[in-house]
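Counting starts at 1 for both ligands and their atoms, following the listed order.
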Amino acid sequence: MLVHRLNMRVAVAVDVGGTHLRVGLVNESGQIVRKEKKEVGANRRPKDFFQRMAGLIRETAGEKIKEIAGIGLGLPGICNFKEGVVHQLPHFPEWRDVPAARLLAEDFSCPIVFDNDANMAAVGEYWKGSAKGLNNFMMLTLGTGIGGGIFLDGKIWRGDEGFAGEVGHMTIEADGRSCACGSRGCWETYAASQAVPKGTTAETLAKAADGGDSKALAFWREYGIYLGIGIGNLAKITGVENYCLGGSIAKAHPHFMESCREEIKKRTYPRLAQKVKVLPSALGEDGNLLGAASSVFHEVSASL
Ligand SMILES: [Zn+2]
C-alpha cells in the first residue's frame, strides 16, 4: 500500500526518449506516485515540443503542481548541465543548442535540472537500484545506441564541457561498421540494437534464445563478446570496477552475461578482471525517472 506522508516533498521527473515522453510524480522516498506516457509525435520543433511537455507535466502533477520541489529532465543527447542547454539530440535533428531550461522556465517557476538520460539512469540506480552505495560505477544504457553515465566519488562526472560519457562512440574496429556519428567501428554499432540483423529485433532474439534457438544464442554470445571488449577498455582506462546495465537490451542479460564476463577476463589484467562486476539494472525504465527526481532533491543546479 502506498502511504502518503504529509509534508513529503515531490518532484516531477521527465524522461524523453526517441519515441516516448514519460512524466512521473516522485516523492522523496523514491516512490513514483503517478506516471504518464505519451508518444513524442512527428513535430519535434523545440518550442512545440516544450509546450506539449509542459501540458503533460501539468496533467501528471495535478493539484501538486503548486508545491513541487522542482522538475528533473533526462534527454537522450548532449546536454550542458550547468547552462541548461541541449546541444544535440540524435533523435531530434532540429535541436541545436536549445536553451531548454529557459523554455521550460516560461511555464514553471520551480528549479529545473537537466541532464543526459544515461546520467539520470546512473543517479537513479545509485539512489534506489543496483548501484546503491557504490561511489564509483559506470551506467551503460543499451538501446538504439550505448549511453554512458560515469559516476565517480559519489557524483556524476561530466568532463570539462559536459560531454563525458559518450562511450558508445569509442572505436573498437579500425575499419568497422559505419556509425551515425560519422565515424566507423564505434562500440554501439556492435553492442546495441544496431547489431541486431535486419528483419528481427532484440526482443524477438531474446525470446528465441529463451526457447533454445541456436542462431539466437550465437547472436547473444557474440553480442556479449563485444560488450565485454568495451567494458574491458573502460575498466582499464578508469579503474572503475562496477558496471550497471540498463536500457531495453539489458533485459536479455541472461543470454550474453557469460560471454561478456569471459571477454572482460581475457582483455584485462587478472587483478582488475577479478574485481570487475557487471550488474543488471534493478529499476528498468523507471531508473531514468528516479534519477531525474533524485537530481531535484539532492543536486541543486537550476540555471534559471
Ligand atoms: Zn559513432
Looking at [X] and [Y], does any basic side-chain N land under 4.0 Å from a carboxylate oxygen?
| X | Y | value |
| --- | --- | --- |
| E262 | R221 | yes |
| K207 | D210 | no |
| E106 | K47 | yes |
| K128 | D286 | no |

Practice item. Would you kindly check if the NZ (Lys) or CZ (Arg) of R177 is within the cone defined by 45 degrees around the ring axis of Y190 and under 6.0 Å from the six-membered ring centre? Key: yes

Study note, to complete from the structure: At a cut-off of 2.8 Å, protein N/O/S around the Zn ion (ligand 1) gives H169 ND1, C179 SG, C181 SG, C186 SG

Check your understanding: Do the ring planes of W95 and F49 sit parallel (below 30°), tilted (30 to 60°) or perpendicular (above 60°)?
Key -> perpendicular

